[in-house]
2 protein chains.
Amino acid sequence: MVRTAKFQPEVFVEAAIDLIAEGGPSAATMVAIARKAGAPTGSIYHRFTSRSCVVATAWLAVHASLSTRLLPLLRAGKGMETALALTSWARESLREARFLLLNETDDLFEDTPPETLRREMQRQQEELDEAFFAFLKQEQGEEALARAKFALFDGPVALLRPHLLAGGPVPSYVDRMVMDLHQAVAA
Amino acid sequence: MVRTAKFQPEVFVEAAIDLIAEGGPSAATMVAIARKAGAPTGSIYHRFTSRSCVVATAWLAVHASLSTRLLPLLRAGKGMETALALTSWARESLREARFLLLNETDDLFEDTPPETLRREMQRQQEELDEAFFAFLKQEQGEEALARAKFALFDGPVALLRPHLLAGGPVPSYVDRMVMDLHQAVAA
DNA sequence: CTCTTTCTAGAATGGACATTCTATTTGCGG
DNA sequence: CCGCAAATAGAATGTCCATTCTAGAAAGAG
């Protein structure tokens with residue numbers, strides 16, 4: 001390398017997360033990302049081969065942040081704690097939570113990301129999925145799995161959604177609802 | 001009128017619902033709508049002033065279909081029945097359910113629809129919202145309202161979501177989960 | 001100090017899409 | 001059966017984007 005880089009890749013990734021968290025996937029145009037990073041558009045392409053590359057990298061970072069929090073609890077068989085960890089993660093990382101939980105993964109992309117990134121995304125996703133599956137040690141059946149995923153993940157996400165959409169803080173009664181939900185639905 | 005119309009407004013609205021149900025809001029381009037209706041693009045503009053007009057009309061039709069089903073039950077104070085009516089509506093109207101329940105309303109539009117349609121959308125939305133509020137006769141407080149909306153609507157929607165996304169049928173265990181959820185969360 | 005590679009800067013290109021425009025039909029009122 | 005208002009048909013326009021391109025600058029190697 002001969003000339004030092006003025007813009008690190010992270011700047012663009014952070015800008016993309018901000019924009020998507022605030023205005024949805026369509027707000028993260030290459031021009032908007034560049035502007036938010038204070039760089040010319042062209043410079044993004046010295047770090048990433050395409051828009052989907054930037055967004056996929058952002059997804060990986062945010063998903064890893066959540067996964068790191070949930071996996072140990074899930075693997076320790078602590079169902080209720082897992083569900084509550086989701087709400088506390090959302091409280092601490094409102095921006096990341098809006099990015100990840102308010103958007104269907106596919107909606108983030110217009111073009112599919114390159115093979116390598118797609119693989120890594122799938123790997124992270126499956127790592128979490130498998131932990132949900134493993135959580136149901138002996139139990140089995142479609143309904144049992146659906147109940148576990150809802151009690152631990154989809155239910156809490158649905159409880160968070162209105163507050164994430166409003167952009168406001170997550171009230172403490174959400175935790176009470178998460179607990180009630182967990183008790184009632186867990187298989 | 002001097003020349004008879006070959007394409008009725010409904011054809012375009014139905015096409016838009018189909019396209020959005022199958023491929024999300026971005027799939028409903030004016031060219032795609034026209035193609036699906038078997039009409040030239042220009043003809044759409046003899047019935048609707050803009051894309052947002054077509055989509056708003058579609059939303060009104062689908063939302064009315066759901067609302068017609070829920071309002072009487074809600075007004076009769078039948079909470080559990082309301083929650084279950086949502087899943088049975090989704091079973092009978094898979095296409096409409098995908099259109100309405102998988103998309104945030106704002107995501108359907110790129111431009112805001114004209115005043116008149118916006119008003120009517122807001123009216124229908126508020127009619128349903130107020131019924132949820134009225135459902136909690138004497139009770140009050142933010143948490144009580146959040147619980148009612150979740151037990152009766154957002155929870156069931158979250159339970160339906162994976163099946164709507166998969167495009168497949170809605171299994172009967174979803175109704176069992178809706179009942180458990182309702183009992184546990186309702187204030 | 002100069003060469004060379006990799007960067008910044010931002011203008012140019014090309015494609016997708018909503019919307020408008022120009023012909024061209026159609027079929028009812030007179 | 002004529003004339004014309006309202007439709008069809010589909011090409012043309014303008015905008016917004018992702019991506020590429022052209023110039024010029026920077027800084028470590030030698």
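Letters A, B, ... are given to chains in the order of the sequence lines, protein chains preceding strands, and every chain is numbered from 1.
- Taking atom NE2 on A:H46 and atom C1' on C:dG10, their separation rounds to 12 Å, with Å as the unit.
- Transitive grouping of hydrophobic side chains (ILVMFWY, heavy atoms separated by less than 4.5 Å) keeps B:M30 and B:V11 in distinct clusters.
- Across D:dT19, C:dT8, C:dA18, the shortest atom-to-atom separation from the side chain of B:R51 is found for C:dA18.
- The B:A5 side chain lies nearest to D:dA7 when the options are C:dA18, D:dA9, D:dA7.
- Rounded to an integer number of Å, the gap from B:I44 CD1 to C:dT20 C1' is 14 Å.
- For A:M30, whose side chain is taken as the heavy atoms from C-beta onward, the closest listed nucleotide among C:dT19, D:dT19, D:dT8 is D:dT19.
- Taking atom CD1 of B:I33 as the reference point, atom P of C:dA18 lies 8 Å away to the nearest angstrom.
- Closest to the side chain of A:F7, out of C:dT19, C:dA9, C:dG10, is C:dA9.
- Enclosure of atom CZ in B:R118 by more than 12 non-hydrogen atoms of other residues, nucleotides or ligands within 6.0 angstrom is indicated.
- A close approach under 4.0 Å does not occur between any side-chain nitrogen or oxygen of A:K6 and OP1 or OP2 of D:dA26.
- Note: CG (B:D111) to P (C:dA18) measures 10 Å, nearest angstrom.
- Protein atom CZ of B:F12 is 7 Å distant from nucleotide atom P of D:dT8, rounded to whole Å.
- Of the candidates C:dC28, C:dA18, D:dG28, the closest approach to any side-chain atom of A:T4 belongs to D:dG28.
- Listed nucleotides: C:dA18, D:dA7, D:dG24. Nearest to the side chain of A:R3: D:dG24.
- Using a 30° and 60° split on the angle between ring planes, B:F12 and B:F7 fall in the tilted class, from 30° to 60°.
- Between A:R47 and C:dC7 there is a side-chain N or O to OP1 or OP2 distance below 4.0 Å.
- Judged purely by distance below 3.5 Å, without hydrogens or angles, the side chains of B:D111 and B:S52 never pair a donor atom with an acceptor atom.
- The nearest whole Å value for the distance from the CZ atom in A:F48 to the P atom in C:dC7 is 13 Å.
- In this structure, B:S43 reaches the D:dT8 phosphate: one of its side-chain N or O atoms is under 4.0 Å from OP1 or OP2.
- Remark: C1' of C:dA16 and CZ of B:R35 are 14 Å apart, rounded to the nearest angstrom.
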### Query
Can you check salt bridge (charged side-chain N to carboxylate O under 4.0 Å, His left out) on A:E143 and B:R176, steps first, answer last?
CA-CA 10 Å; A:E143 176 166 356; B:R176 285 194 290 279; 2.5 Å; yes
